[in-house]
Amino acid sequence: MPIRAVVYASEAGPDIAGDKLGLGSGKLDQIVDDACRFNRGAGVTGVLLFDGHRFLQYLEGPEDGLSVAYSRVLGASSHNALVELQRGRAGQRRLPFWPMRWLPVEPDQLRALAHADWTGFKQRGDAEASNATGMDLLWALVEPFAIAA
């Protein structure tokens, strides 16, 4: 079964914005826990990056599961101003270890990811290269946490 993926950026809603470490209201943890429960059954995996004001989320999985998971994202009131950066065939699963996990990132890291090349979800393998792709940059941020997964 082919793996599909979607990556988007959005602005955090008022219940979450300003709580970079997600420790204030617990709202971000609730959202991610709910996504984990749903995604497990749908065969979807991914990561949600948060800089205190903005999100960038990468989701991957079979087309039917991803479609339903992404429709839940589109209907969520926890964020707004969603901009889809790329959607399509991913070739292979890149984040098989988490049904969903959120990680805090710096604003410049999230900005770099949002402006990166996500075409075809290609990964060249060097996040430091001048032509690093979105997947290269994402993997560089996620890898230290993935090893411990």
Side-chain angles (χ1 to χ4, degrees), residues 1-13 15-17 19-23 25-106 109-127 132-149:
M1 178 176 299
I3 297 297
R4 313 263 314 159
V6 63
V7 61
Y8 73 86
S10 64
E11 298 286 327
D15 291 349
I16 299 171
D19 187 12
K20 182 176 180 177
L21 298 178
L23 302 173
S25 68
K27 180 82 171 155
L28 189 52
D29 285 333
Q30 292 171 359
I31 291 166
V32 171
D33 288 348
D34 181 55
C36 279
R37 283 189 295 278
F38 178 84
N39 290 355
R40 241 182 226 105
V44 172
T45 56
V47 65
L48 177 68
L49 304 177
F50 182 54
D51 73 358
H53 297 283
R54 289 174 299 281
F55 294 112
L56 185 132
Q57 186 170 32
Y58 172 84
L59 296 164
E60 62 187 11
E63 186 166 357
D64 57 345
L66 183 64
S67 177
V68 177
Y70 190 50
S71 67
R72 288 169 43 101
V73 166
L74 293 172
S77 62
S78 55
H79 64 142
N80 53 62
L82 186 143
V83 176
E84 187 175 296
L85 303 173
Q86 181 71 19
R87 181 186 346 193
R89 195 175 192 145
Q92 67 185 36
R93 198 179 286 268
R94 303 278 171 59
L95 301 177
F97 25 82
W98 302 317
M100 184 50 57
R101 176 159 180 190
W102 81 268
L103 300 172
V105 295
E106 294 300 321
Q109 293 172 311
L110 198 134
R111 195 175 308 107
L113 278 162
H115 292 98
D117 179 8
W118 288 95
T119 306
F121 299 103
K122 291 185 174 98
Q123 191 170 0
R124 293 188 182 98
D126 186 1
T133 66
M135 286 306 303
D136 291 328
L137 298 174
L138 180 66
W139 183 248
L141 289 170
V142 168
E143 183 181 27
F145 300 94
I147 292 168

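Counting from 1, the numbers follow the sequence of the chain as shown.
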Are [X] and [Y] close enough that some pair of their side-chain heavy atoms sits under 4.5 Å apart?
X	Y	value
L56	V105	no
M100	F38	no
L113	L85	no
L138	V7	no
D51	Q109	no
L48	L28	yes
W98	T45	no

How many angstroms lie between atom [atom1] of [X] and atom [atom2] of [Y], to the nearest 0.5 angstrom?
X	Y	atom1	atom2	answer
L137	M135	CG	CE	10.0 Å
K122	Q86	NZ	CD	9.0 Å
R54	R111	CZ	CZ	6.0 Å
D117	H115	CG	NE2	13.0 Å
I31	I16	CD1	CD1	3.5 Å

Please indicate whether R72 has more than 12 foreign heavy atoms, meaning atoms of other residues, nucleotides or ligands, lying under 6.0 Å from its CZ.
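It does: R72 CZ has more than 12 such atoms within range.
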Do other residues, nucleotides or ligands put more than 12 heavy atoms under 6.0 Å from the CD atom of E63?
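Atom CD in E63 is not crowded, with 12 or fewer foreign heavy atoms closer than 6.0 Å.
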Under 3.5 Å, is there a donor-acceptor pair between the side chain of [X] and the main chain of [Y]?
X	Y	answer
E60	L95	yes
H79	V73	yes
D136	G125	yes
W118	Y8	no
D33	Q30	no

What are the two closest non-hydrogen atoms of [X] and [Y], and how far apart are they?
X	Y	answer
H53	A17	ND1-CB, 4.2 Å
P62	A42	CG-O, 3.7 Å
L103	L141	CD1-O, 4.5 Å
S78	F55	O-CE1, 3.9 Å
N39	A69	OD1-CB, 3.8 Å
I3	R93	CD1-NH2, 3.7 Å

Between R4 and Y70, does a side-chain contact (heavy atoms from CB on, under 4.5 Å) hold up when you go through it step by step?
CA-CA 11 Å; R4 313 263 314 159; Y70 190 50; over 6 Å; no
Parallel, tilted or perpendicular, as decided by the 30° and 60° cut-offs, for the rings of F50 and W102
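Correct class here is perpendicular.
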Would R94 and F121 count as a cation-pi pair here, with the cationic atom under 6.0 angstrom from the ring centre and within 45° of the axis?
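Geometry flag: not set, cation outside 6.0 Å or 45°.
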For the residue pair D64 / S67, report whether a side-chain donor-acceptor contact shorter than 3.5 Å exists.
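S67 vs D64: no donor-acceptor pair found between side chains.
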